[in-house]
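As structure tokens, the structure follows; a few thoughts come after it.
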Amino acid sequence: MKPRVAKGTRDFSAAEVAKRHYVMSILRETFEIFGYSPLETPSFENIETLMGKYGEEGDRLIFKILRSGDFLRHASNPTEPKASEIADKALRYDLTVPFARYVVQNAGQLALPFKRYQMQPVWRADNPQKGRFREFYQCDADVVGSKSLWQEVELVHLYHQAFSTLRLPVTIRLNNRKVLAGIAEVSGVGDRLVDFTVALDKLDKIGREGVVAELEAKGFTAEEIRHLEPSMQPFASSLDSLAFLRSWLASSSVGMQGVEELEFVLSHVGEVSTVVDITLARGLNYYTGCIMEVTANEVAMGSVGGGGRYDDLTGIFGLRDVSGVGISFGLDRIILCLEDLKRLPAALTAGPRALMFHLSEEDGAAAYQLTAQLRKQGLHIEFYPEPAKVKKQFDYALKREIPYVLFYGGAEQAEGLVQIKNITTGDQESVPVDQVAARIATL
RNA sequence: GUGGUUGUAGCUCAGUUGGUUAGAGCGCCUGAUUGUGGUUCAGGAGGUCGUGGGUUCGAGACCCAUCUUCCACCCCA
């Protein structure tokens, strides 16, 4: 059989790991600057912790783990066993539900508001396609236990600061679930909010006709669609959108509340580049207030982040009235953007600085000894294991992009000198053995 | 889950209406060149043609199944 990674998964080479670490270290630093603490949860949970939390589609996409041993012993019909009978654990599907589980499980001990960030892989049994995998990292920051809209303001600033540090200019699009509910209410389709928002969310992708067609297909009447149509118009600015919503949604208390929340956030984010976009919907299963999505300004990549407020997340685990709000960074897409724009630092790889040549059997021991000494001085150096042809050792250094090669054979050993050669320029110099590490550090 | 698509050497790919022993470029190994490379030249290794069935005198090619790749839908990051 041919060795290959499982469907929808990836290996990360040294160069790719370096890029991921670079972005993640900036995210980690930013999270901690804003007062978020790290949390890690297990890669799998009890299956009932996850099932039913992501809607009917979600359950299908959860990776279920077979019971150990004779997994069929609990099946009522062994020839056609039910998933719930033969699987008792499941792989983490996102970071938010395990976080909610953690909060409820430790409700007594946590100081509220509780702010945590989490960067771990999640798994989905989805069909892979462009930019979509069955194993991928989520980088989330959430705060629970505070209804204050200052949290939303803070998260906008967190987004801004993280992307500024990454040198990736972005626009943060804002909306509020209550505004969407208000629109549905004043249009007389309050009972079909999800169908409406799922269609509206596609406006930028399939256009106005496309949205209307989808609404028709979902059973909306012509009159209902006519009522909803103002939501599909373009607005010149955030202020225009809000002014329009103010008059349109005047009869809906929930709608007006949404408008006021948006106004509050908008008035406190300062210079940060935000725009109100009432077609923005996002994950409808639990968001209840503000929702936000981040897009890169200079490259068409879809969203590089998103989040929102969920008033009842811990409710699914029996803890009522704990409001949460959180954001997520799309690690893979951020890296793709930075690659496109050539904004990744040039020297990310952490390979060795030097390669000690192994020139002959007799000289090997002394060369290795010097290598060990240089390592104690902190030099990242590799010792070529065989006394191979010099050409071969050069080729190896080139391929591994090791910048300096060291010659320490019989002649050098007699004089107590080391030849340091720059592999790209070809420059070569002799340096006393006790100065080698210091010399390479200055090169 | 639905529809389409892909799979031939380590990599990128040729391979005629089904017909001897399946090719190229790059890479790899050896030598020219016993401690100063990237070039050049000569030689060499490497393939159960994704897998399993089937059609046929004969299958890399045709049919079925399955896995995989990529794309779209659903949904989502």
Side-chain angles (χ1 to χ4, degrees), chain A residues 1-10 54-62 92-96 119-140 194-195 197-199 201-202 205-206 210 214 217-218 281-287 293-295 301-308 326-336 355-364 367 384 387-402 404-414 418-430:
Chain A
M1 96 185 194
K2 200 171 188 171
R4 47 170 35 154
V5 297
K7 183 178 185 165
T9 65
R10 299 161 287 174
Y54 306 102
E56 48 189 297
E57 274 294 302
D59 282 358
R60 200 191 80 216
L61 300 178
I62 292 173
R92 186 167 58 215
Y93 177 89
D94 71 356
L95 301 179
T96 311
M119 298 192 278
Q120 288 188 278
V122 302
W123 295 269
R124 297 190 185 174
D126 204 356
N127 271 339
Q129 51 172 290
K130 191 171 190 70
R132 288 174 67 172
F133 303 93
R134 304 180 96 179
E135 176 185 66
F136 60 96
Y137 271 75
Q138 286 193 331
C139 307
D140 284 15
V194 172
D195 280 347
T197 49
V198 164
D201 191 43
K202 296 176 187 165
K205 208 170 167 184
I206 61 179
E214 179 154 338
K218 288 262 174 68
R282 289 193 58 80
L284 294 150
N285 289 322
Y286 42 73
Y287 288 130
E293 192 160 285
V294 187
T295 44
M301 187 63 70
S303 80
V304 292
I327 55 173
S328 184
F329 288 82
L331 181 62
D332 291 303
R333 282 187 177 177
I334 290 171
I335 291 168
L336 287 173
L355 176 68
M356 176 67 77
F357 271 19
H358 194 159
L359 297 166
S360 70
E361 291 285 356
E362 310 83 69
D363 305 337
Y384 199 90
K389 284 182 186 287
V390 172
K391 172 179 165 51
K392 198 170 176 183
Q393 304 192 43
F394 266 117
D395 285 345
Y396 178 76
L398 271 173
K399 187 169 270 186
R400 293 214 49 205
E401 296 181 320
I402 300 173
Y404 298 98
V405 298
L406 306 186
F407 284 84
Y408 189 59
E412 290 83 3
Q413 287 167 21
V418 176
Q419 310 249 20
I420 304 176
K421 177 159 185 159
N422 181 316
I423 203 159
T424 38
T425 63
D427 295 344
Q428 189 166 331
E429 58 185 287
S430 283

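Labels below follow one simple rule: chain letters A, B, ... track the order of the sequence lines, proteins then strands, and each chain is numbered from 1.
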Side chain to side chain contact (heavy atoms under 4.5 Å, CB included) involving [X] - partner list, sequence neighbours excluded:
X	answer
A/Thr425	A/Asn422, A/Asp427
A/Asp94	A/Tyr54, A/Thr96, A/Val97, A/Pro98, A/Arg124, A/Gln138, A/Tyr286
A/Leu336	A/Met301, A/Glu339

Measuring only the [atom1] atom in each nucleotide, how far is [N] from [M]? A whole number of Å is fine.
N	M	atom1	result
B/G53	B/A14	C1'	28 Å
B/G18	B/C57	P	16 Å
B/G60	B/U55	P	16 Å
B/G50	B/A59	P	15 Å
B/A9	B/C49	P	10 Å
B/A22	B/U16	P	15 Å
B/C71	B/U12	P	16 Å
B/G27	B/U69	P	29 Å

Shortest non-hydrogen separation from A/Ser328 to A/Asp140 and the atoms involved | OG-OD1, 2.8 Å
What heavy-atom pair brings A/Arg92 and A/Pro121 nearest, and what distance separates the two atoms?
-> NH2-O, 2.6 Å
Length of the line joining [X]:[atom1] and [N]:[atom2], which is rounded to integer Å:
X	N	atom1	atom2	value
A/Ile62	B/C76	CD1	P	13 Å
A/Lys421	B/G37	NZ	C1'	7 Å
A/Asp59	B/C75	CG	C1'	13 Å
A/Leu61	B/C73	CG	C1'	14 Å
A/Gln428	B/G35	CD	C1'	10 Å
A/Leu355	B/G35	CG	P	15 Å
A/Glu57	B/U2	CD	P	12 Å
A/Arg60	B/C74	CZ	P	12 Å

[X]: salt bridge (Lys or Arg N to Asp or Glu O under 4.0 Å) partners, not counting sequence neighbours:
X	answer
A/Glu57	A/Arg60
A/Glu429	A/Arg439
A/Asp332	A/Arg10, A/Arg20

Can you check whether [X] reaches [Y] side chain to side chain, under 4.5 Å on heavy atoms?
X	Y	answer
A/His358	A/Asp363	no
A/Lys7	A/Asn127	yes
A/Thr295	A/Val304	no

If we require ring centres under 5.5 Å and near-parallel planes under 30°, does A/Phe407 stack on B/U36?
-> yes
Are the ring of A/Phe357 and the six-membered base ring of B/G35 within the stacking cut-offs of under 5.5 Å and under 30°?
-> no
Across the strands shown, which category fits [X] at heavy-atom distances under 4.0 angstrom: base, sugar-phosphate, nothing?
X	answer
A/Ala397	nothing
A/Glu361	nothing
A/Ile423	base
A/Gly330	nothing
A/Gly305	nothing
A/Gly426	base

Which pairs with one or both residues in residues 130-139 of chain A pass salt bridge (charged side-chain N to carboxylate O under 4.0 Å, His left out), sequence neighbours excluded?
-> A/Asp126-A/Arg132
Scoring nucleotides 65-72 of chain B by protein non-hydrogen atoms under 4.0 Å (B base, S sugar-phosphate only, - none) yields ---SS-SB
Taken in chain and number order and not counting sequence neighbours, the residues that satisfy ring pair (Phe, Tyr, Trp, His ring centres under 6.0 Å) with A/Tyr384 are A/Tyr396
List in chain and number order the residues that pass ring pair (Phe, Tyr, Trp, His ring centres under 6.0 Å) with A/Phe407, two or more places apart in sequence or in another chain; answer none if no residue qualifies.
-> A/Phe357
Stem list, RNA chain B (Watson-Crick or G-U pairing under 3.5 Å, at least 3 consecutive pairs) | B:1-4 with B:70-73, B:10-13 with B:23-26, B:28-32 with B:40-44, B:50-54 with B:62-66
Nearest to the side chain of A/Val198 - B/C76, B/C75, B/U36?
-> B/C75
A/Arg132 side chain: which of B/U36, B/G1, B/C75 is closest?
-> B/C75
Heavy-atom donor-acceptor pair, A/Gln393 side-chain to B/G35 base, under 3.5 Å = no
Could you list the protein-to-nucleotides 26-30 of chain B atom pairs, N/O on both sides, closer than 3.5 Å?
residue: B/C28; atom: OP1; partner: A/Lys399; partner atom: NZ; Å: 3.3

Between A/Val304 and A/Asp427, the residue closer to the 5' end of RNA chain B by nearest nucleotide is A/Asp427
